Structures are given as C-alpha cells and as structure tokens.
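Everything numeric in this text was worked out from a predicted model, so none of it was measured. Just so we're on the same page: letters track the sequence lines, and every chain starts at 1.
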Amino acid sequence: DVITRFLRSQSWDVNYVRNITDIDDKIINRANENGEEYTTLTKRFIDYMHEDETRLGIARPDIEPRATGFIDGLIDMNNALIEKGHAYAASNGDVYYRVTSFKDYGKLTNKNVDELLAGARIEVDEIKEDPRDFVLWKAAKEGDPSWQSPWGNGRPGWHIECSAMSKKCCGDTFDIHGGGPDLPFPHHENEIAQSEAANGCKYVNYWMHAGAVRVDGEKMSKSLGNFFTIRDVLEKYHPEVVRFLLVSSHYRSPINYAEDNLIEARAGLERFYGALRGYNDVAPLAFSGMQESAYYKAFVEAMNDDFNTRVALAGMYDLVRDLNNAKNEPELASNLVGQLKAFGLILGILQADPIKFLQDGSDEEVKEVQDLIDERAQAKLEKNYARADEIRKFLAVRGVELEDSKSGDTVWRKEQVLVDIPYGSDERFNEEYKGYKWRTTFTNTVSSIYLSSCFEVFKDKELLHSSKLIKMGEKDTFEEIHIRTRVLAQDWIDKSI
RNA sequence: GGCGCGAUAGCAAAGCGGUUAUGCUCUGGAUUGCAAAUCCAGCUAGUCCGGUUCGACUCCGGAUCGCGCCUCCA
C-alpha cells in the first residue's frame with residue numbers, strides 16, 4: 001500500500017495487482033466441514049479481508065484477480081509448457097512441471113537442483129517422473145469442485161495460478177513482484193520456472209520480499225499458540241498505531257509484534273498529533289508545489305532508497321520540531337503542517353482529527369472530563385489551586401492528562417495504559433523507604449517478550465507519583481529489574497523530600 | 001545437513017570507512033500557580049576474535065547466538 005502510494009506520488013503509472021487464491025485443499029476441506037459451497041466460504045473471507053483493509057486505510061489494488069477466474073489462461077499455459085517439453089500429463093490426470101528441464105531452476109533462491117533431491121522429505125511418488133516435479137493441474141476427486149481440461153476434470157495446481165494471473169494482468173514481464181518471506185522457495189522459484197519457460201522471456205525485474213511479522217520473536221503459527229488476527233489487534237489498538245508500527249521499520253526487516261512496540265508506536269504518533277492540534281483546516285500540500293522543500297527532498301530521498309520509511313519518519317520528526325518552534329509564525333506553521341500531512345498521506349497516517357486521536361474516548365467520557373475541566377477553570381480563577389490540583393489528580397489517575405495552553409484553554413488527552421495490572425499480580429512488591437510506601441508492579445504481557453515494571457509511591461494512601469513505563473530487555477533477569485526499579489523509586493523519594 | 005537473513009545504546013530502529021541518525025525512556029535547564037505539552041542541552045552503542053586501513057559500528061575472515069526457508073500451504 002505504501003509503496004503504491006509513493007510510486008504514484010512520483011508520477012509512476014502503477015498497475016497494482018494482488019491476487020487471491022480461492023481454491024485449494026484447505027478451502028475445499030473447510031467448506032465440506034461446514035457443509036457449504038466453497039464459493040460461499042471464500043466470499044465470506046474475502047469480505048472480511050476487505051473490511052479489515054478498510055479499517056486500516058489500505059487502498060484497494062487496481063485488480064484483484066482470483067484463481068478460479070483464470071482457468072482458461074492457466075490451461076493454455078500448461079499446454080504451452082507441455083508442448084515445449086517442460087511439463088507432462090501423468091497417468092492419473094495430474095499435470096507436472098519437469099523441473100530438470102528448466103536450467104535456471106533455483107536462480108532466485110540460489111538452490112542447486114541436484115541438492116534439492118537430497119533434501120526432499122516427501123515420499124517418492126510413483127506418478128511423477130522425478131520427486132522434484134511439482135503439480136500444475138490436479139485431477140479432481142469425486143465430489144470436489146472441478147473444471148474441464150484436456151487432461152480430464154480437475155483444478156489448478158498450486159503455483160501455476162500466479163503465473164497465469166500475472167500474465168493476464170501484468171503481461172509476460174513486469175516490474176515488481178512482492179510477497180512474504182516464506183514465498184521465495186518454492187513458490188516464486190516455481191513461478192519463474194513456469195512463466196519463463198512458457199513465455200520465453202524474463203518474468204520479473206524486481207522481487208520484494210517483506211520481513212516476517214513475529215510474535216514474541218517467533219513466527220506466528222497456530223501450533224505455537226501465538227496466532228491472532230488483525231481484528232484482535234484492532235480491538236485494542238487504533239488502526240493508525242498499527243500502521244505506524246509497520247512503517248517504523250524497514251519493510252524487509254522482521255517486525256516483532258509486542259505490546260511494548262504498539263505502546264511506543266502510539267507515543268510516536270502522539271508527538272505528531274500533538275503538533276497537529278489546531279490545524280484541522282490545513283490540507284495536505286501537493287508534492288508538485290514542494291519540490292524546493294528540504295523536508296520534501298529528505299522524504300523522497302529516503303523513500304527512493306528502497307522505501308526506507310524509518311528514515312523518512314526521522315525527517316518528519318525534524319519537521320515537527322520546526323513546526324513546534326514556528327507556532328508564532330502562522331503562515332510558516334501552516335505550510336509545515338501541509339507538508340507533514342502530505343508525507344503522512346504516503347505512509348497512511350496523520351489524516352485524523354488530532355483531538356479525536358488523542359482523546360480516544362467515548363462521548364460520555366468527553367462530557368464528563370469537560371465538566372471537570374470547566375470546574376477546574378473556575379477554581380483557578382478563584383485561585384483555589386487546591387481544588388484545581390485535586391481535579392487534575394483525579395483525572396490523572398483515570399489516565400486523563402490536562403494541558404493548559406498559554407491562551408488559557410485547557411486541552412486534554414488520554415494517557416496510554418502503561419501497565420496491564422492483571423498480569424503478574426503475584427509479582428508485586430510493597431516496600432517502604434523513609435516513611436513512604438511504594439509499590440512495584442511487574443508485567444510480562446502475553447504478547448510481550450519484555451518485562452515491564454512501574455512503581456507508585458504513596459504517603460498515607462495518597463498516590464504521590466506514578467512512574468513511567470520501564471522496559472527491560474529480554475536478557476534482564478527479574479531480580480535485576482526489581483533492583484533497578486527500587487533504585488529509581490528511592491531516588492524519586494530522596495529528591496522529593 | 002543445504003540456502004539465506006540478522007546481532008547497534010534501557011527499549012525500538014536507520015544510514016555511514018573519519019563528521020549529531022531518529023523516536024520512546026531517563027537526567028539537567030527554560031517555561032508553568034503546580035503540571036502537562038513544547039523547546040534547549042545531556043547520558044547510555046555497535047556480540048566476540050582476528051585481518052585490511054593512517055583510521056572500522058561500517059570492508060574481509062572466523063566464532064557464538066538468534067531467525068526464516070528447504071512440504072502436494074501459496
């Protein structure tokens with residue numbers, strides 16, 4: 001999504017194609033289990049996917065081909081491969097690709113065809129000429145969805161559909177082919193073998209493989225029990241926070257999904273939205289009018305360097321600093337905001353109402369908080385600072401942070417929940433130092449590889465201080481963290497006496 | 001075993017053969033009735049062992065650790 005947005009912003013004519021595999025063993029099995037048509041099942045999941053994408057602000061591709069819509073092209077391709085000796089129809093109605101016939105096989109992933117045999121774990125199939133051969137067309141089992149073909153009723157093989165779809169949608173050669181880190185072998189290797197053998201020309205100019213999303217440092221998988229959906233995440237975090245996390249690292253780097261990283265992503269966004277408050281009427285500037293801007297040059301340079309979104313963000317932070325310094329120069333500030341929003345548009349962030357983003361609360365809460373703010377303003381006018389502070393503290397404990405601006409207005413924002421108390425209730429320590437009581441809470445959240453700790457200092461049950469989140473590396477021991485937190489707590493008490 | 005990727009400060013994450021990455025956190029200052037936000041300044045780096053070089057986090061070699069792929073999932 002970000003790559004497409006950026007390329008288009010630089011006047012590239014982009015044809016963005018993303019295919020859907022809507023027929024395979026898993027789909028057939030699940031549809032049979034559910035007692036429904038496989039098309040009903042795939043439609044439901046495709047609809048879900050589109051809903052999730054919409055929430056994340058992901059633009060739809062220009063074409064979203066489905067495998068079952070390209071059966072004819074796929075059969076043509078198989079025919080071409082058979083004619084050229086790169087494929088053969090087996091006795092049972094399957095069609096296989098003859099791997100040894102393609103001399104470049106393995107060029108993408110640096111595989112040696114001879115060594116592949118040694119590593120083959122599958123049982124030797126009597127039907128294939130060679131265990132390395134892969135299926136292009138699979139004969140249908142009784143009752144399964146199938147299509148007619150020169151080799152009898154069947155359905156597409158597992159790799160050919162991508163070659164067939166891309167040929168129709170992108171042509172014999174196209175520029176960029178993306179995919180996940182698990183795809184280069186065998187899938188993309190097989191696509192190359194199919195398309196280059198059938199079409200007689202180069203398949204793809206640039207391969208882009210993304211880094212894996214990891215959970216607690218491991219691959220997400222059902223067997224590991226660390227599997228969850230984007231919907232689960234969006235229940236807890238604003239979609240923009242998720243996007244921000246993703247653009248915070250290079251697309252090729254693995255990215256670790258951890259609560260701490262989401263919290264940090266939110267903190268970064270708060271800095272941007274804090275600066276954007278009050279500029280709702282400023283629209284993103286067009287890149288065409290920004291050619292001379294140093295921020296624009298930095299942004300484009302970063303993005304032109306293999307879509308280095310992290311470096312692009314660094315430049316945007318520079319802009320934010322300059323924007324915060326330019327609050328007394330409305331014209332300049334407005335221009336900077338326009339630029340910042342323009343960059344945000346490419347990354348798919350910063351287009352929301354800052355106040356809404358920062359307050360992140362229900363309408364009832366907004367009213368409740370505003371009433372207290374009004375009461376506090378009155379107290380301040382009457383120089384009743386005790387009451388004013390009481391209200392501030394009351395709200396602070398509930399995660400509402402007040403900011404008095406110079407003009408006298410008070411704005412507020414919702415503080416992140418720094419610590420999920422329920423975890424680690426058996427890992428709390430109540431200690432005493434110089435007459436102050438302080439409590440340490442440790443957390444080791446389910447999806448975090450990091451221990452976190454925070455401390456709260458009390459005097460006669462009154463909360464005096466609540467620490468910020470202290471994050472610890474995975475190598476730190478529990479004992480070390482405990483000592484470190486104690487030092488911080490005692491340090492605070494020493495200073496406050 | 002084969003192929004490939006990685007190891008950077010308290011945390012996250014980039015570039016770069018010599019010169020500030022950046023963000024979060026933390027510390028000091030300015031500001032504030034007190035705060036917050038903001039600004040200014042600062043503290044923490046480059047897994048280990050060799051080599052190349054005037055100079056290496058950056059290049060080369062090795063070790064260690066971590067991760068991915070090697071499946072008729074696509």
Side-chain angles (χ1 to χ4, degrees), chain A residues 19-21 24-27 67 94 96 106 108-112 114-116 118-123 125 128 131 133-135 138 156-159 161-162 179-191 209 211-212 214 217-219 244-245 248-250 252-256 258 260-261 263-272 274-275 277 302 305 308-318 320-321 323-325 327 358 380 383-386 388-389 392-393 396 401-406 410-413 415 450 452 467-474 476 481 484 488 491:
Chain A
N19 67 287
I20 294 174
T21 297
D24 70 4
D25 282 341
K26 284 180 190 165
I27 292 168
D94 288 354
Y96 290 96
L108 177 68
T109 51
N110 200 19
K111 298 275 194 244
N112 182 318
D114 296 331
E115 285 167 4
L116 283 174
R121 273 194 248 147
I122 48 168
E123 287 174 36
D125 191 335
K128 292 189 205 173
D133 293 349
F134 57 89
V135 71
K138 198 163 170 62
W158 291 268
H159 306 290
E161 57 184 65
C162 291
D182 48 338
L183 294 179
F185 189 88
H187 183 54
H188 290 159
E189 203 69 74
N190 290 352
E191 275 188 62
H209 291 106
R214 295 185 196 163
E218 285 179 310
K219 184 180 163 180
F244 193 85
L245 175 65
S248 291
S249 63
H250 191 93
R252 263 191 281 104
S253 306
I255 190 159
N256 198 35
D260 293 352
N261 292 346
I263 289 169
E264 194 179 299
R266 164 121 193 144
L269 267 181
E270 282 181 0
R271 184 166 160 77
F272 282 112
R277 269 189 300 214
D305 185 10
N308 196 331
T309 49
R310 179 64 181 208
V311 170
L313 273 181
M316 289 162 72
Y317 281 115
D318 287 341
V320 165
R321 192 196 53 233
L323 169 60
N324 285 328
N325 278 328
K327 294 282 178 181
L358 293 168
K380 280 172 70 180
K383 299 231 187 288
N384 182 356
Y385 292 123
D389 288 352
R392 178 200 291 292
K393 208 167 272 182
E401 192 73 55
L402 302 184
E403 296 176 27
D404 295 337
S405 69
K406 272 186 184 155
T410 298
V411 293
W412 63 275
R413 68 196 161 80
E415 275 226 312
Y450 301 109
S452 303
S467 77
K468 296 286 186 183
L469 181 72
I470 305 162
K471 283 181 280 183
M472 303 296 165
E474 60 189 306
D476 293 330
I481 297 165
R484 200 183 143 90
L488 287 170
D491 191 42

Practice item. Considering only atom P, compute the distance from B/A36 to B/G46 and round it to an integer number of Å. Key: 33 Å
Review point. Taking the six-membered ring for Trp, are A/Phe134 and A/His159 parallel (under 30°), tilted (30 to 60°) or perpendicular (over 60°)?
Key: perpendicular
Study note, to complete from the structure: As its Watson-Crick or G-U partner within any shown strand, both distances under 3.5 Å, B/C73 has none
Check your understanding: Who is the Watson-Crick or G-U wobble partner of B/C67, with both distances under 3.5 Å?
Key -> B/G4
Check your understanding: What distance, rounded to whole Å, do you find between the two C1' atoms, one in B/C16 and one in B/A45?
Key -> 15 Å
Review point. Checking only heavy atoms, does the side chain of A/Arg252 share a donor-acceptor pair with the base of B/C5 at less than 3.5 Å?
Key: no
Exercise for review: Quote, to the nearest angstrom, the P distance that separates B/G4 from B/A41.
Suggested key: 46 Å
Review point. Which heavy-atom pair separates A/Ala302 from A/Ala312 by the least distance, and what is that distance?
Key: CB-N, 3.5 Å
Check your understanding: When the C1' atoms of B/G29 and B/G6 are considered, how many whole Å apart are they?
Key -> 40 Å
Exercise for review: Identify the two heavy atoms, one from A/Leu402 and one from A/Arg392, that lie closest to each other, and give their separation to 0.1 Å.
Suggested key: O-NH1, 3.6 Å
Check your understanding: So what does A/Lys380 hit on the nucleic acid, given a heavy-atom distance under 4.0 Å: a base, only sugar-phosphate, or nothing?
Key -> base
Practice item. Take A/His159 and A/Asn308, find for each the nucleotide of RNA chain B with the closest heavy atom, and name the residue whose nucleotide sits nearer the 5' end. Key: A/Asn308
Review point. When the distance from NE2 of A/His187 to P of B/C70 is rounded to whole Å, what number comes out?
Key: 13 Å
Point to revise | Separation of the P atoms in B/U31 and B/U20, to the nearest angstrom | key: 30 Å
Review point. How is A/Tyr385 classified with respect to the nucleic acid when contacts are heavy atoms under 4.0 Å: base, sugar-phosphate, or nothing?
Key: base
Check your understanding: Can you find a donor-acceptor N/O pair under 3.5 angstrom joining the side chain of A/Lys138 to the base of B/C72?
Key -> yes
Exercise for review: Any strand is fair game: report the nucleotide pairing with B/G61 by Watson-Crick or G-U wobble, both distances under 3.5 Å, or none.
Suggested key: B/C49
Point to revise | B/A30 to B/U8 separation - P atoms, rounded to the nearest Å | key: 37 Å
Practice item. May I ask you to say what A/Pro186 touches in the nucleic acid, namely base, sugar-phosphate or nothing, with a heavy-atom cut-off under 4.0 Å? Key: base
Check your understanding: Between the base of B/A13 and the side chain of A/Arg310, is there a donor-acceptor distance below 3.5 Å?
Key -> no
Review point. In Watson-Crick or G-U wobble terms, both distances under 3.5 Å, what is the partner of B/U38?
Key: B/A30
Check your understanding: With sugar-phosphate meaning primed atoms plus P, OP1 and OP2, does A/Ser253 contact a base, only sugar-phosphate, or nothing at under 4.0 Å between heavy atoms?
Key -> sugar-phosphate
Revision key, fill the gap. Rounded to the nearest 0.5 Å, the CG atom of A/Leu245 sits from the CD1 atom of A/Ile263 at a distance of 11.5 Å
Study note, to complete from the structure: Re B/A9: Watson-Crick or G-U wobble partner, both distances kept under 3.5 Å, found to be none
Point to revise | Atom C1', compared across B/C43 and B/U25: separation rounded to whole Å | key: 12 Å
Point to revise | Any N/O donor-acceptor pair, A/Asp404 side-chain to B/C34 base, under 3.5 Å | key: yes
Exercise for review: Sticking with atom C1', work out how far B/G66 lies from B/U19, rounded to a whole angstrom.
Suggested key: 33 Å
Point to revise | Check: B/G33 base within 3.5 Å donor-acceptor of A/Asp389 side chain | key: yes
